[in-house]
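Taking it in order: structure first as structure tokens, then the write-up.
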There are 2 protein chains.
Amino acid sequence: MPQEHAKKDRRVVRSQEALKQALLALMSQKSFDAISITEIVESANYNRGTFYAHYENKEALLDDIIDELIRKFLASFRAPYEHQDVFRINELTANSVKIFDHIHQHAELYTTLLRSNVMPNLREKMFLALKEISMDELEYPTTGVNQELLAIYSIHALLGLIFHWVESGFEQSTSYMQEQLILIIQWRPMEVKAKKEG
Amino acid sequence: MPQEHAKKDRRVVRSQEALKQALLALMSQKSFDAISITEIVESANYNRGTFYAHYENKEALLDDIIDELIRKFLASFRAPYEHQDVFRINELTANSVKIFDHIHQHAELYTTLLRSNVMPNLREKMFLALKEISMDELEYPTTGVNQELLAIYSIHALLGLIFHWVESGFEQSTSYMQEQLILIIQWRPMEVKAKKEG
DNA sequence: CCCGTTGTTGTACAGATGTTCAATAACCAT
DNA sequence: ATGGTTATTGAACATCTGTACAACAACGGG
């Protein structure tokens with residue numbers, strides 16, 4: 001049963017899909033802020049009233065696109081442990097490793113979102129989604145470390161690497177990013193030198 | 001000599017200051033997106049044309065506010081090492097520790113920015129600022145770890161903690177956050193259990 | 001203090017936004 | 001296929017945006 005709640009009117013499905021595709025097409029050409037609702041509906045060949053019948057504003061339309069992407073993103077994170085009970089360090093990092101695969105798989109879409117300057121929003125949503133499942137579904141053996149703060153720290157760090165990878169235009173290979181993540185997690189700060197002036 | 005570049009016309013200083021204060025006042029009451037330029041100038045008692053004489057849009061006005069905040073933010077990060085040459089681990093974390101002081105000192109402003117939904121933008125700008133100075137001014141002894149990726153990872157992680165603290169309404173004390181940061185940096189992932197269903 | 005420079009104002013305009021409404025068309029269940 | 005329901009349309013409206021311009025006011029150097 002693929003339909004989740006109430007089966008939607010075909011007209012609604014058509015309209016929303018056309019609006020989403022129109023927005024994505026425009027976003028591959030210009031900044032999200034520079035796109036007007038009028039522009040979206042004319043590109044999609046719908047009436048402006050139809051837009052407002054389904055969405056409050058263009059952010060809501062973008063959210064629709066992003067939410068679908070995040071569902072797939074979460075699935076890639078869950079994949080390594082959904083049939084397991086206990087992880088050791090190598091298996092844990094395998095979680096994050098799968099995420100790099102997901103991103104590379106949807107490189108074009110992520111690049112469009114980057115080009116259109118909506119990454120900060122996407123990042124925030126991805127953080128919330130990742131935090132929720134990692135607090136619900138994982139358990140860290142901590143000794144005096146606040147578990148929530150640890151999760152927040154780790155997830156933001158991971159997302160930082162991922163979005164940098166997208167911003168760099170996928171300069172590095174997927175496996176290089178995966179390697180580096182593992183190295184960084186195992187890295188211990190010992191001594192940091194201040195560079196000389198100049 | 002406090003004036004940096006060209007000495008500004010007093011009218012300009014007055015106008016820009018009034019506009020910034022008006023925006024901040026409005027942001028403490030509603031979302032940034034919900035604030036119109038017309039609203040800002042009427043609250044500040046200026047003509048709409050004056051706004052456009054100084055700023056392209058309201059984002060540019062917000063940037064003015066944020067840039068000033070980031071200058072202070074950076075100063076708090078630099079403070080621990082600006083007259084030193086080499087750090088050990090405790091001194092390094094002292095950098096970040098000073099940041100918590102800065103945030104707590106400007107708690108009201110950060111809370112206003114949070115309430116008005118501009119945190120993702122602020123976060124991005126702070127990341128770029130921190131990355132620039134930590135790449136320029138610090139040097140990590142790495143063994144196979146990409147230095148840029150390490151900086152990106154660490155900075156995003158730190159900012160994650162900081163903004164969570166703001167979002168929580170400063171529930172925890174400054175010293176608790178500082179303690180936890182040190183604990184987390186020293187934490188090593190060993191084994192992570194998946195929770196039982198339900 | 002005076003005058004050239006620069007900022008501010010009021011007004012105007014085309015386009016976008018957000019909302020409402022009645023008329024029409026497309027849908028789904030029976 | 002028919003009818004009740006719901007989506008889409010076009011039109012209209014007040015408000016906001018971004019831009020332009022001439023008239024006026026405030027500034028700062030000499």
Side-chain angles (χ1 to χ4, degrees), chain A residues 1-65 68 116-118 121, chain B residues 1-65 68 116-118 121:
Chain A
M1 288 112 192
Q3 60 254 50
E4 299 151 359
H5 303 287
K7 38 198 147 185
K8 274 197 210 158
D9 193 309
R10 285 175 182 181
R11 290 169 294 181
V12 175
V13 177
R14 254 188 279 134
S15 304
Q16 292 186 345
E17 202 53 44
L19 291 172
K20 282 193 269 184
Q21 290 312 315
L23 176 56
L24 275 176
L26 289 167
M27 281 205 296
S28 72
Q29 291 166 349
K30 54 164 85 176
S31 158
F32 179 74
D33 293 325
I35 298 169
S36 73
I37 291 175
T38 301
E39 209 170 355
I40 297 170
V41 295
E42 286 188 354
S43 158
N45 267 305
Y46 276 84
N47 189 277
R48 206 157 55 85
T50 302
F51 180 96
Y52 285 107
H54 299 296
Y55 302 103
E56 264 199 17
N57 46 44
K58 49 184 181 141
E59 279 74 19
L61 176 56
L62 179 62
D63 282 353
D64 231 20
I65 295 170
E68 192 182 325
S116 209
N117 279 96
V118 297
N121 292 294
Chain B
M1 285 110 193
Q3 59 253 48
E4 299 149 0
H5 303 287
K7 38 199 148 185
K8 272 196 212 160
D9 194 310
R10 287 175 181 181
R11 290 169 293 179
V12 175
V13 177
R14 253 187 280 134
S15 304
Q16 292 186 343
E17 202 51 44
L19 291 171
K20 281 193 269 185
Q21 290 312 313
L23 176 55
L24 275 176
L26 289 166
M27 282 205 294
S28 72
Q29 291 166 347
K30 54 164 82 176
S31 159
F32 178 74
D33 294 324
I35 298 170
S36 72
I37 291 175
T38 301
E39 210 170 355
I40 296 170
V41 294
E42 286 188 354
S43 158
N45 268 305
Y46 277 85
N47 188 275
R48 204 158 57 85
T50 302
F51 180 96
Y52 286 107
H54 298 296
Y55 302 103
E56 262 198 19
N57 46 44
K58 51 185 178 137
E59 279 74 19
L61 176 57
L62 179 61
D63 282 353
D64 230 20
I65 295 169
E68 193 183 324
S116 209
N117 278 95
V118 296
N121 293 293

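Per chain, numbering begins at 1; letters A, B, ... match sequence-line order.
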Enumerate all atom pairs, one protein N or O and one N or O from nucleotides 24-27 of chain D, separated by less than 3.5 Å.
residue: dA26(D); atom: N3; partner: Arg11(B); partner atom: NH1; Å: 3.0
residue: dC27(D); atom: OP1; partner: Arg14(B); partner atom: NH2; Å: 2.0

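Listed by chain and number, the residues in a side-chain contact (heavy atoms from CB on, under 4.5 Å) with Ser36(B) are Thr38(B), Glu39(B) (sequence neighbours excluded). Every residue two or more places apart in sequence or in another chain that forms a side-chain contact (heavy atoms from CB on, under 4.5 Å) with Leu62(B) is listed here: Leu23(B), Met27(B), Phe32(B), Ile66(B), Leu113(B), Val118(B). Looking at residues two or more places apart in sequence or on another chain, you find a ring-ring contact (aromatic ring centres under 6.0 Å, His included) between Tyr55(B) and Phe51(B). Scanning for side-chain hydrogen bond (donor to acceptor under 3.5 Å, both in side chains) contacts around Arg14(B) gives an empty result, with sequence neighbours left out. Contacts of Asn117(B) classified as side-chain contact (heavy atoms from CB on, under 4.5 Å), with partners at least two apart in sequence or in another chain: Ser31(B). Residues meeting the side-chain contact (heavy atoms from CB on, under 4.5 Å) test with Glu56(B), sequence neighbours left out: none. The side-chain hydrogen bond (donor to acceptor under 3.5 Å, both in side chains) check on Asp9(A) picks up Arg11(A), with sequence neighbours excluded.
Counting to the nearest Å, the P atom of dA7(D) and the CZ atom of Phe51(A) are 16 Å from each other. The separation between Leu19(A) atom CG and dA7(D) atom P is 14 Å, rounded to whole Å. The interatomic distance linking Ile40(A) (CD1) with dT17(C) (C1') rounds to 12 Å, in whole Å. The NE2 atom of His54(B) sits 14 Å away from the P atom of dT6(C) (whole-angstrom rounding). Rounded to whole Å, the distance from CG on Asp33(A) to C1' on dT17(C) is 15 Å.
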Revision key, fill the gap. Its contact letters, B for base, S for sugar-phosphate only and - for none at protein heavy atoms under 4.0 Å, make nucleotides 9-17 of chain D read BB-B---SB
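Going from atom CD of Gln16(A) over to atom NZ of Lys8(A) covers 4.5 Å, rounded to the nearest 0.5 Å.
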